[in-house]
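Note that the structure is predicted; figures quoted are calculated from it, not measured.
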Amino acid sequence: MRIKHGLLVMIVALSLSLCAQRYVEQRRVEQNLIMTDPENKATLESGFLALGGFRGLLVDILWLRAIRLQDSSRYYELKLLCDLIQRLQPSFVQTHAFLAFNQSYNLAFRSSSPEDKWYWITSGLATLEKGLERNRHHYSLWFELGMQYADRLSDIKIDSCRTLRQNELPNIDEIPEAERASVFLKRNWTPGHARENEHARWAAYYFYQAMQATGDPLPLRSERMFGHCL
């Protein structure tokens with residue numbers, strides 16, 4: 001009798017699990033949280049599917065590990081760990097911002113040459129752009145991009161990379177609207193056409209996009225930064 005009761009419980013649990021999984025997969029499609037990169041899709045999707053409900057738990061564990069690495073200034077290990085979290089949970093916007101800051105500020109600060117610094121700065125920008133592929137309607141990544149352009153690329157903090165900023169930053173007027181969310185991710189533009197204040201123009205554009213997006217608990221902050229850039 002106990003065996004029959006146990007089997008019945010297992011069947012009910014399995015049925016509920018399948019229903020929940022079907023609902024989750026439907027929501028992933030609706031929210032554009034599916035993998036579309038043909039090079040990585042098959043491998044990553046099959047691997048993540050095997051994790052099932054443990055994927056969220058794994059991300060939580062890795063995130064706690066990432067915070068410890070940040071506290072101990074182990075930035076290169078942190079980058080590798082955040083890359084993995086990005087693949088496991090592309091809709092986790094905090095990871096994109098966390099990794100971008102680590103690249104643009106921490107790793108760039110540790111670099112010895114202007115070329116290396118500029119590499120890490122633009123890698124941080126590309127990381128935020130990568131996050132926008134899955135979270136385009138969320139204000140935070142637009143705002144973070146604006147802050148990177150307004151602060152990290154400012155005259156005060158650009159330091160030895162000022163010439164590179166002038167030579168490598170694209171002219172915003174030459175980039176179609178549809179491509180302004182993937183400037184350094186795709187690099188479909190000709191460098192060398194930037195104006196002296198091009199970084200401020202880009203910052204204003206991204207702050208404006210943040211104002212149009214949803215979820216911002218402090219909308220006046222984006223408006224104030226937008227006005228400051230103008």
Side-chain angles (χ1 to χ4, degrees), residues 70 73 75-76 78-79 82 93-132 135-136 138-177 179-213 215-230:
Q70 173 80 2
S73 301
Y75 300 123
Y76 289 96
L78 175 61
K79 179 187 181 305
C82 286
V93 294
Q94 291 90 338
T95 305
H96 305 294
F98 191 67
L99 177 55
F101 183 90
N102 175 59
Q103 293 172 306
S104 298
Y105 287 85
N106 297 326
L107 292 175
F109 178 77
R110 290 192 167 201
S111 301
S112 56
S113 69
E115 290 76 17
D116 287 343
K117 290 179 183 292
W118 182 250
Y119 167 79
W120 285 116
I121 291 172
T122 55
S123 293
L125 297 175
T127 295
L128 291 172
E129 293 170 355
K130 183 67 176 177
L132 279 175
N135 307 279
R136 197 178 182 89
H138 198 281
Y139 83 95
S140 62
L141 295 179
W142 290 112
F143 183 84
E144 290 296 332
L145 267 170
M147 284 302 300
Q148 291 266 354
Y149 278 88
D151 181 66
R152 189 64 184 90
L153 270 67
S154 66
D155 292 339
I156 297 175
K157 293 189 177 179
I158 198 64
D159 195 25
S160 59
C161 295
R162 186 162 183 167
T163 300
L164 285 168
R165 183 192 68 181
Q166 185 72 18
N167 295 335
E168 298 292 330
L169 200 64
N171 186 315
I172 191 172
D173 295 332
E174 298 177 0
I175 308 295
E177 178 78 20
E179 298 179 11
R180 292 178 182 175
S182 56
V183 177
F184 285 97
L185 193 62
K186 296 182 179 179
R187 292 181 177 268
N188 295 328
W189 41 269
T190 303
H193 296 174
R195 294 157 290 197
E196 183 65 26
N197 63 342
E198 202 69 58
H199 64 287
R201 294 171 182 266
W202 278 104
Y205 171 78
Y206 290 125
F207 285 132
Y208 177 78
Q209 292 300 319
M211 291 161 53
Q212 306 306 307
D216 191 350
L218 300 170
L220 289 178
R221 177 184 58 174
S222 297
E223 294 179 14
R224 184 167 61 249
M225 292 304 301
F226 174 71
H228 174 72
C229 292
L230 293 181

Student: Compare every heavy atom of Ala150 with every heavy atom of Cys229, then report the nearest pair and how far apart it is.
Tutor: SG-CB, 4.2 Å
Student: With sequence neighbours left out, what residues match Lys117 under salt bridge (Lys or Arg N to Asp or Glu O under 4.0 Å)?
Tutor: none
Student: At what distance, to the nearest 0.5 angstrom, does CG of Leu230 lie from CZ of Arg201?
Tutor: 10.0 Å
Student: Where do Ile121 and Ile158 come nearest, in terms of heavy atoms and distance?
Tutor: CD1-CD1, 4.2 Å
Student: Tell me every residue that passes side-chain hydrogen bond (donor to acceptor under 3.5 Å, both in side chains) with Tyr105, counting only those two or more places apart in sequence or in another chain.
Tutor: Asp151
Student: Output the distance between atom NZ (Lys79) and atom CG (Asn102), rounded to the nearest 0.5 Å.
Tutor: 9.0 Å
Student: Enumerate the residue pairs fulfilling salt bridge (charged side-chain N to carboxylate O under 4.0 Å, His left out) with a member in residues 106-116, sequence neighbours excluded, ordered by first and then second residue.
Tutor: none
Student: Please confirm whether the backbone N or O of Ala97 pairs with a side-chain atom of Glu144, one donor and one acceptor, at under 3.5 Å?
Tutor: no
Student: Listed by chain and number, what are the salt bridge (Lys or Arg N to Asp or Glu O under 4.0 Å) partners of Glu198, not counting sequence neighbours?
Tutor: Arg195
Student: Quick one: pull up CG in Leu78 and CG in Asn106 and give me the separation to the nearest 0.5 Å.
Tutor: 8.0 Å
Student: Taking atom CH2 of Trp142 and atom CG of Asn135, what is their separation to the nearest 0.5 Å?
Tutor: 11.0 Å
Student: Please identify each residue that fulfils side-chain hydrogen bond (donor to acceptor under 3.5 Å, both in side chains) with Glu174, with sequence neighbours left out.
Tutor: His193
Student: Name all residues meeting the side chain to side chain contact (heavy atoms under 4.5 Å, CB included) criterion together with Tyr76; count only those two or more places apart in sequence or in a different chain, and write none if there are none.
Tutor: Leu107, Trp120
Student: Distance from Gln94 atom CD to Leu141 atom CG, nearest 0.5 Å?
Tutor: 9.0 Å
Student: What residues, two or more places apart in sequence or in another chain, satisfy side-chain hydrogen bond (donor to acceptor under 3.5 Å, both in side chains) together with Asp159?
Tutor: none
Student: Tell me which donor-acceptor pairs under 3.5 Å the side chains of residues 203-213 have, and how far apart each pair is, sequence neighbours excluded?
Tutor:
| unit_1 | atom_1 | unit_2 | atom_2 | d |
| --- | --- | --- | --- | --- |
| Tyr205 | OH | Glu177 | OE2 | 2.8 |
| Tyr206 | OH | Arg180 | O | 2.7 |

Student: The criterion is side chain to side chain contact (heavy atoms under 4.5 Å, CB included); which residues satisfy it with Ser104, sequence neighbours excluded?
Tutor: Gln148, Arg152
Student: Looking at residues at least two apart in the chain, or sitting in another chain, which of them share a side chain to side chain contact (heavy atoms under 4.5 Å, CB included) with Leu218?
Tutor: Asp216, Arg221
Student: Look up atom CZ in Phe226 and atom CG in Leu220, then write down how far apart they are to the nearest 0.5 Å.
Tutor: 14.0 Å
Student: Quick one: list whatever passes side chain to side chain contact (heavy atoms under 4.5 Å, CB included) with Gln166, sequence neighbours left out.
Tutor: Glu196
Student: Quick one: list whatever passes side-chain hydrogen bond (donor to acceptor under 3.5 Å, both in side chains) with Gln103, sequence neighbours left out.
Tutor: Thr127
